[in-house]
Amino acid sequence: MGVSILDFHEIDKTKLAMAGGKGANLGELSRMEGIQVPGGFCVTTDVYKKVTANNETFNSLLNQLSVLKADNRKAISDTAAKIRKVIEAIVIPDDIQQEITRHLKKLGEGHAYAVRSSATAEDLPTASFAGQQDTYLNITGKEAILAHISKCWASLFTDRAVTYRLQNGFDHRKVYLSVVIQQMIFPDAAGIMFTADPVTSNRKVVSIDASFGLGEALVSGIVNADNYKVREGRIIDRKISSKKLAVLASAEGGTKQQEIGPEQQSEPTLTNKEIRTLERIGRKIEAYFGSPQDIEWCLHKGKFYIVQSRPITTLYPIPEANDSENHVYISVGHQQMMTDAMKPLGLSFFLLTTGGAMHKAGGRLFADIAAALASPASRKKIISVVGQSHPLIKDALMTIVKRKGFIKSLPDDNKAADQRSRNKVMSWTFPPEFENNPAIAADLIKASQASIEALKQQIQTKSGSDLFDFIPEDIQELKKVSFNPKSLNIIMMAMHAATWINQNMMKWLGEKNVADTLSLSVSNNITAEMGLELLDVADVIRPYPEVVAYLQQAKDDNFLEGLVKLKGGQEARDAINAYLNKYGMRCAGEIDITKTRWSEKPIILVPMILSHVRNFEPGASRLKFEQGQQAALKKEQELLDRLKQLPGGKRKAAEAKQMISLIRNFAGYREYPKYGVINRYFVYRQALLKEAAQLVRANVIHEKEDIYYLFFEELREVVRTNKLDYQVINKRKDEYKLYDKLTPPPVITSDGEIVTGEYKHENMPAGAIPGLAVSSGVVEGRARVILNMEDADIEEGDILITTFTDPSWTPLFVSIKGLVTEVGGLMTHGAVIAREYGLPAVVGVDKATRLIKDGQRIRVNGTDGYIEVL
């Protein structure tokens, strides 16, 4: 057997497997000069392994626990209770009892001790597990300490600890428990210190919670603690709470609650000097561990003792910068309606395509707009442009700009602004040579398609290093086609026309968001067509009950092969294949080239096809399009008639007609450039996966998907040399798992502060949830909270609630009658398609998928921008 007992001074971070997270951190803290840590030792994981290894009942129950799902609460609770009972009944071997006695004698047998659980998966940089296992305070005497060691082992199987492990993919058999025995300090005050503000994530602000007595009062929530915020030695905020109770040591062992005298209840727990001392200790510990820390401290007779320090695992990483200047970063994902973490190859392609100076953090991209905010001229433009589509981001930027000294303002000089700002904000006017001709959009589409066909031919001859030279060259062609000035002009024309219509119809006729109705069923909207054409696929399948029954049972991607044996199967297969030929390069999160495409996993489409078969009559796609067209024409006629009645009505009607024509001719084209980009991405993807297959055959990588964890230039080098350090892949897979759980902030500063904005809604009903109105109308229905498109079980008339929607979600839009998303702006894809289909929609709704429960009846107000839970 290995080492049974280790004193704190014998432990460092290399002993994590033996001492657990808490024990390893205490060992490290004990080594720090000037940091007071109460003495103690760890009963190592070797002891836990020894006492449980050959216990048949324990191992049999563990087998039962391993097959349970996280939502099976009753079975988890019953099995975990049995395991705890078994562990508490295990007798600790004599040799280990003797060793524990020896260590207690060294520290002082008469002392009281804290007995704390320290799991091997606890207090790690990637998972905190804080509060999952138990701690026992003021334990005296050898027998009581031995009993509480068993209780700590048993607490590895509390319901919450088991559920947390199941949710986070930790194997119960691979998580072991060490027990920390630490001398008790009976403090005058205790609390928790975060070396980054837990509310705003600002890394320069230390946040201290403090109360009288033991820190348990604070941890268990029986007392409102004082809170102090400190920045570089300056106390910037303090909240003194009324502290009616304290937790103190009990003479019989354990702890007791005691009322605090009235004269002391509203006294600050700490003096200014003590607050600053604590901040200095916190910064010292943070520097030692190399990351922001969550620190438990206590104050006894004027001296601070540290009883725990663990990394804060919930902070969003700060985008990297090469200087110490202040920076303001806005999330690219919030503009692109794709806030999922991206793998390195996905980030590479997005950066190659956009060519912008962007910053990576947490698997996402951010644009630094500090330079643009520094100049009064460009500041006004950027806040105006962002504000039109993302009011919350605008509000956050206004908050930052108002702060004294964070952004140093340049002289109000346009030349200086242009030189200084790398982020040139587009100010747009009608180009003089412009003609309002719908053929322009059709010609651009034809040119894009011809270019993609040429790419498909050329890439077939490329492999190895040639392919890696060819792709960046072709990306130049992608940029030329997708960001063609003509293309950009007609998109801007349609946006300008919609804004003009909305502003002037409100001013002249008192009618809100009129452009939404005028945008119904416009031409050349490839994404809207994609949604309607899946209805046509359903029309082919609906007459064949055998095919419908077969699809209901289909589970894997080979289902297309089995179709041909059925009556109507060949027709169904042809219809699905024709759809995939046109749209199979799409998928959720499609701007990330590493995401699996519909062509590669066509089973994704089956639930939507079956939903359409069930919910619609034949010919629904044509009917829906015609209904939208009729509604738009009717609205146009009604507006023009009303305008003609006004003073100067003839001129107003003529101007409005011109703007409506621009919307009808060009608003749909807004979706096409992205479709072109994703088409090309699919061609690149297939070529790179061929290279990956070669690398698998050469035993350079284990599976094709490993290439996703390499940046483009790294992959080029691996293909050239047939060599790879596999640790890079493993490290990045772990990072991606961590990033995937993070929620990216719309706005973050170089201090790590997440700055949030607020909606300024007037006359919103009490209790309503605010958002951004992007598609007019008011609708009531059943909320369907769907986080993954593959899990969509939609009935006609449901209201879709999700984090974000990109074009791949469009086939669902034909079944729903309203849309609510957490991310989005006025011109993001979900908003454009909602207007095209006439769906009331509210986007940018913070925590919508948590605030609205699946199945609730809700009202969505897409005109004023809020949701009511009915």
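Source: prediction; values computed, not measured. Computation of the quantities below employed the complete heavy-atom set of this structure, encompassing side-chain atoms and omitting hydrogens, waters and symmetry-equivalent molecules.
With hydrogens and angles ignored, the 3.5 Å screen pairs no side-chain donor or acceptor of Arg231 with any backbone N or O of Ile236. In terms of modelled atom types and a separation under 3.5 Å, the side chain of Asp188 and the main chain of Phe212 share no donor-acceptor contact. Put simply, the side chain of Gln856 gets close to the backbone of Lys853: a donor and an acceptor are under 3.5 Å apart. Not one N or O on the side chain of Ser211 forms a donor-acceptor pair closer than 3.5 Å with the backbone of Ala225. The backbone N or O of Arg310 sits nowhere less than 3.5 Å from a side-chain atom of Asp294 that would complete a donor-acceptor pair. Although no hydrogens or angles enter the test, the distance criterion places no donor-acceptor pair under 3.5 Å between the side chain of Arg102 and the main chain of Gln97. Formation of a donor-acceptor pair under 3.5 Å by the Lys408 side chain with backbone atoms of Gly405 is not found in this model. Listed for the His300 side chain is no donor-acceptor partner under 3.5 Å among the backbone atoms of Ile185.
Remark: Arg165 does not engage Asp171 in a salt bridge, criterion side-chain N to carboxylate O under 4.0 Å. The pair Arg276-Glu279 fails the salt-bridge criterion, with no side-chain N (NZ, NE, NH1 or NH2) lying under 4.0 Å from an Asp/Glu carboxylate O. Between Asp71 and Arg73 there is no salt bridge, since none of the side-chain N atoms of the basic residue sits less than 4.0 Å from a carboxylate O of the acidic one.
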Identify every side-chain donor-acceptor pair in residues 78-92 under 3.5 Å, counting partners at least two apart or on other chains, and give the distances.
from: Asp78; atom 1: OD2; to: Lys74; atom 2: NZ; distance (Å): 2.7
from: Thr79; atom 1: OG1; to: Ala75; atom 2: O; distance (Å): 2.7
from: Arg84; atom 1: NH1; to: Phe157; atom 2: O; distance (Å): 2.7

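Residue Lys142 qualifies as enclosed at atom NZ: its count of foreign heavy atoms under 6.0 Å is above 12. Atom NZ of Lys69 sits in a sparse spot, with 12 or fewer heavy atoms from other residues, nucleotides or ligands closer than 6.0 Å. By the 6.0 Å contact criterion, CD on Gln167 is enclosed, its count of non-hydrogen atoms from other residues, nucleotides or ligands being greater than 12.
No side-chain heavy atom of Leu177 sits under 4.5 Å from any side-chain heavy atom of Thr45. For the pair Glu753 and Arg203, the minimum side-chain heavy-atom distance is 4.5 Å or more. Using a 4.5 Å heavy-atom threshold, the side chains of Ile192 and Ile295 count as separate. Residues Tyr866 and Pro765 meet the side-chain proximity criterion, which asks for heavy atoms closer than 4.5 Å. Asp226 places none of its side-chain heavy atoms less than 4.5 Å from the side chain of Leu270. Side-chain contact between Ile96 and Lys50 is present, with at least one heavy-atom pair separated by less than 4.5 Å. Contact check for Ile407 versus Val401: no side-chain heavy atoms found under the 4.5 Å cut-off. In this structure, Gln182 and Arg116 have side chains that are in contact, with non-hydrogen atoms separated by less than 4.5 Å.
A donor-acceptor contact closer than 3.5 angstrom links the side chains of Asn272 and Arg238. Asn25 and Ser309 share no donor-acceptor pair across their side chains, judged by distance under 3.5 Å alone. For the 3.5 Å distance criterion, the side chains of Gln183 and Tyr113 fail to qualify, holding no donor opposite an acceptor. Under the 3.5 Å distance criterion, with hydrogens and angles disregarded, a donor-acceptor pair is assigned to the side chains of Ser117 and Ser155. In summary, the side chains of Ser207 and Asn227 do present a donor paired with an acceptor at a separation below 3.5 Å, with no hydrogens or angles considered. Looking at Thr14 and Asp12, their side chains do bring a donor and an acceptor atom within 3.5 Å of each other. Side-chain atoms of Glu267 and Thr269 include no donor-acceptor pair closer than 3.5 Å. A donor atom on one side chain and an acceptor atom on the other are not found under 3.5 Å apart for Glu822 and Thr803.
Residues forming a ring pair (Phe, Tyr, Trp, His ring centres under 6.0 Å) with Tyr305 (at least two apart in sequence, or on another chain): none. Considering only residues two or more places apart in sequence or on other chains, Lys284 meets the side chain to side chain contact (heavy atoms under 4.5 Å, CB included) condition with Met32, Ile35. For Thr271, the side chain to side chain contact (heavy atoms under 4.5 Å, CB included) partners are Lys273, Glu274, not counting sequence neighbours. With sequence neighbours left out, Arg173 forms a side chain to side chain donor-acceptor pair (under 3.5 Å) with Asn59, Asn63. Partners of Lys13 under the side chain to side chain donor-acceptor pair (under 3.5 Å) rule, at least two apart in sequence or in another chain, do not exist in this structure.
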*Could you check Arg850 against Val785 for side chain to side chain contact (heavy atoms under 4.5 Å, CB included), going step by step and ending with a plain yes or no?*
CA-CA 9 Å; Arg850 280 174 270 175; Val785 179; over 6 Å; no

*Could you give me the CA-CA distance, side-chain angles and deciding distance for Val230 and Val205, then say whether side chain to side chain contact (heavy atoms under 4.5 Å, CB included) is met?*
CA-CA 6 Å; Val230 202; Val205 174; over 6 Å; no

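A distance of 6.0 Å separates CD1 in Ile748 from CD1 in Ile318, rounded to the nearest 0.5 Å. Rounded to the nearest 0.5 angstrom, Ser178 OG and Ile149 CD1 are separated by 9.5 Å.
Between His103 and Phe41, the ring planes lie tilted relative to each other; the angle falls in the 30° to 60° range.
For the pair Lys49 and Tyr176, the cation-pi test (distance below 6.0 Å, angle within 45°) is passed.
Here the closest heavy-atom approach between residue Gly23 and residue Cys42 is recorded as CA-SG, 3.8 Å.
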